[in-house]
Colleague: 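I have a structure I would like to understand better, so I am pasting it below and will then ask my questions one at a time.
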Protein chains: 2
Amino acid sequence: MATGRNHRPATRSRGIPEATVARLPLYLRALTALSERSVPTVSSEELASAAGVNSAKLRKDFSYLGSYGTRGVGYDVEYLVYQISRELGLTQDWPVVIVGIGNLGAALANYGGFASRGFRVAALIDADPALSGRQVAGIEVRHVDELESIIDTNGVSIGVITTPGGAAQQVCDRLVAAGITSILNFAPTVLSVPDGVDVRKVDLSIELQILAFHEQRKAAEALAQDVPEPLAAEAAPSGPGRDQGPDGDIPAVMPA
Amino acid sequence: MATGRNHRPATRSRGIPEATVARLPLYLRALTALSERSVPTVSSEELASAAGVNSAKLRKDFSYLGSYGTRGVGYDVEYLVYQISRELGLTQDWPVVIVGIGNLGAALANYGGFASRGFRVAALIDADPALSGRQVAGIEVRHVDELESIIDTNGVSIGVITTPGGAAQQVCDRLVAAGITSILNFAPTVLSVPDGVDVRKVDLSIELQILAFHEQRKAAEALAQDVPEPLAAEAAPSGPGRDQGPDGDIPAVMPA
DNA sequence: CAATCTTTGTGCACGCGTTCACAAAGGCAT
DNA sequence: ATGCCTTTGTGAACGCGTGCACAAAGATTG
Ligand SMILES: NC(=O)c1ccc[n+]([C@@H]2O[C@H](COP(=O)([O-])OP(=O)(O)OC[C@H]3O[C@@H](n4cnc5c(N)ncnc54)[C@H](O)[C@@H]3O)[C@@H](O)[C@H]2O)c1
Ligand SMILES: NC(=O)c1ccc[n+]([C@@H]2O[C@H](COP(=O)([O-])OP(=O)(O)OC[C@H]3O[C@@H](n4cnc5c(N)ncnc54)[C@H](O)[C@@H]3O)[C@@H](O)[C@H]2O)c1
């Protein structure tokens, strides 16, 4: 296994590509389902299909973890579940705090799939005094004043932000100052954090806008196929009724 | 091209890179904030900073849309807001249905940021008869039996799935059969859809697992620093602290 | 009008991720 | 043991995305 024999300095030789890391949870989920059905082994083709990826990609991904397969047979499901779990750090318990217990925060707190993978909600935190002491999903909501002590006491390193956007950076700063080094941000805000702190964001609005882009493109394509010449001004099948062609644009909103 | 003479490379707007499309909403959000503060123009440097990206990347992104900047000055905020909105298809109204009005579905229905960008909740749909007729966020929950007629009547092309994982594929199939061509999936399931249907997924569990991976790696590195290792020769300068939220989002648009 | 200053737009190089294609490896039957 | 069949692991090619660096473009000033 001469892994570090490239012309490239092996400063990150142990490094698993980020794209691969992002797919490991997907493989793990598929493998867990197989495990529950007591399937002993699985081929890269089958597993790739279940995970919705290309089989060559899956094999290459696994090759970064080591040679865990058997040629002519496939992969041992249980063994692979363990290896991936270990690689992702799921063999240990990760206490998590959720800050901002509104609509979304409460939904997350109630989410069962949370605890299913070693993530434990250590505390729910909100700035609203009216919420303090209330129970949400069987967990007492604590006031944001206690944020630092809660994190310190429970050794929390992962924080989830579900406050309004305006409060997100401020909450983030406090979390980081208190020792948090990984943040999952649901607020529509670009968080700025010091080096060494990971931030991942989930933004419903952005996802919808990306879908809308492709939706518009599809509609424009369908339209262009029906009408070769850009002259159909009144064609409106159902919802998507565009006012401008995708190409001959440049409307009248010219800047000064 | 009716608007006078403008020397644009034409034949350009055919394909905007997917990575660029995914950043446009980010730019739009930053620009909207500037617009609300009545800032007239903004440089690529300032805007890039606000959006949390590299300025060269931002300029290249905008170059795919056309030459909307003025050298020596920057970009006209209002004009750019309009151009990006148009490119993303936000100048029109997008009716959306949410299927599965539980914890998460209800939170989404209550989410104000939904309507702020041309997305309108056309209907809430659930299989539970006990929910039918109930009001959530001021919108009546309809039974899943009405799914097809609701989509057809309202010309809905975007669907959000917030059912349990076990029901997701089934709901997806019905949505697609009813004419939906864009799906935002919150269930932990790999959806299989025909060509021409876009699927994007949001998965809390996957995000947490990715964070856990890096968290574990950071912990291991901190440990390795205490115990001197002979191969730590060159990795000293800012070695551990490099990974900000790399935004390394893997596009989840899968055709099949 | 010319000089200077600012900032865009992009050519280019590089690295990462994806995919193909196939030799090697192992199981299994004979 | 031998040969055949299946499937892994990976070398190599390719395409996409990123960031550097700079010439061109326009504003601004003298
Ligand atoms: N609800 C959704 O479906 C949804 C979807 C996408 C994004 N988001 C985003 O998630 C965030 C929360 O959304 P929501 O609908 O739950 O909002 P919400 O108003 O229902 O809840 C926000 C909560 O945060 C608390 N809060 C405010 N400032 C705080 C502070 N400084 N410290 C601690 N807590 C504080 C409030 O008391 C409130 O309980 C928003 O940023 C929203 O844009 C929500
Ligand atoms: N709640 C969260 O924070 C969270 C986070 C991440 C992912 N998820 C995922 O989102 C989904 C919903 O989570 P939840 O906590 O809201 O669950 P939930 O059980 O509270 O709600 C699910 C709803 O879907 C409805 N439903 C079930 N089958 C249906 C069908 N065939 N057609 C229409 N409706 C149907 C149920 O009646 C219920 O109202 C789950 O897949 C969950 O894994 C939830």
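By convention in this document, chain letters (A, B, ...) are assigned in the order of the sequence lines, proteins followed by strands, and residues within each chain are numbered from 1.
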Colleague: Go through the structure and list residues passing side-chain hydrogen bond (donor to acceptor under 3.5 Å, both in side chains) with B/Glu45, not counting sequence neighbours.
Modeller: B/Ser55

Colleague: Using distance alone, with no hydrogens and no angle criterion, decide if B/Thr20 and B/Asp61 have a side-chain donor and acceptor under 3.5 Å apart.
Modeller: yes

Colleague: Can you tell me the distance, in whole Å, between the CD atom of A/Glu46 and the P atom of D/dT6?
Modeller: 14 Å

Colleague: Using heavy atoms to find the nearest nucleotide of DNA chain C for A/Asn54 and B/Ala56 separately, return the residue whose nucleotide is more 5′.
Modeller: B/Ala56

Colleague: Which whole-number value in Å describes the distance from A/Tyr68 OH to D/dG9 P?
Modeller: 11 Å

Colleague: Need to verify one output field. Residue with the more 5' nearest nucleotide on DNA chain C, B/Glu45 or A/Lys57?
Modeller: B/Glu45

Colleague: Restricting to salt bridge (Lys or Arg N to Asp or Glu O under 4.0 Å), what partner residues turn up for A/Arg59, sequence neighbours left out?
Modeller: none

Colleague: Tell me the closest heavy-atom pair linking A/Leu191 and A/Gln169, and the distance in Å.
Modeller: CA-OE1, 3.4 Å

Colleague: Please give me the minimum heavy-atom distance between B/Thr189 and B/Gly165, naming the atom from each residue.
Modeller: OG1-O, 3.2 Å

Colleague: Between P on C/dG9 and CG on B/Leu58, what's the gap in Å once rounded to a whole number?
Modeller: 10 Å

Colleague: How many Å lie between CZ on B/Phe62 and P on D/dT18, as a whole number?
Modeller: 14 Å

Colleague: What are the atom names and distances for every N/O pair under 3.5 Å that joins the protein to nucleotides 4-7 of chain C?
Modeller:
from: C/dT7; atom 1: O4'; to: B/Gly72; atom 2: N; distance (Å): 3.0

Colleague: Among A/Tyr68, A/Phe62, A/Tyr82, A/Tyr27, exactly one meets ring-ring contact (aromatic ring centres under 6.0 Å, His included) together with A/Tyr75. Which residue is that?
Modeller: A/Phe62

Colleague: Using OP1 and OP2 only, check whether a side-chain N or O of A/Lys60 sits under 4.0 Å from D/dT10.
Modeller: no

Colleague: Give the rounded distance in Å between these two atoms: CG of A/Asp76 and C1' of D/dT8.
Modeller: 15 Å

Colleague: What is the distance, to the nearest angstrom, from the CG atom on B/Leu65 to the C1' atom on C/dG9?
Modeller: 13 Å

Colleague: Looking only at the side chains, is there a donor atom on one of A/Glu36 and A/Thr32 sitting less than 3.5 Å from an acceptor on the other?
Modeller: no

Colleague: Separation of B/Glu18 atom CD from C/dC16 atom C1', in whole Å?
Modeller: 18 Å

Colleague: Could you give the CD1-to-P distance, from B/Ile16 to D/dC16, as a whole number of Å?
Modeller: 15 Å

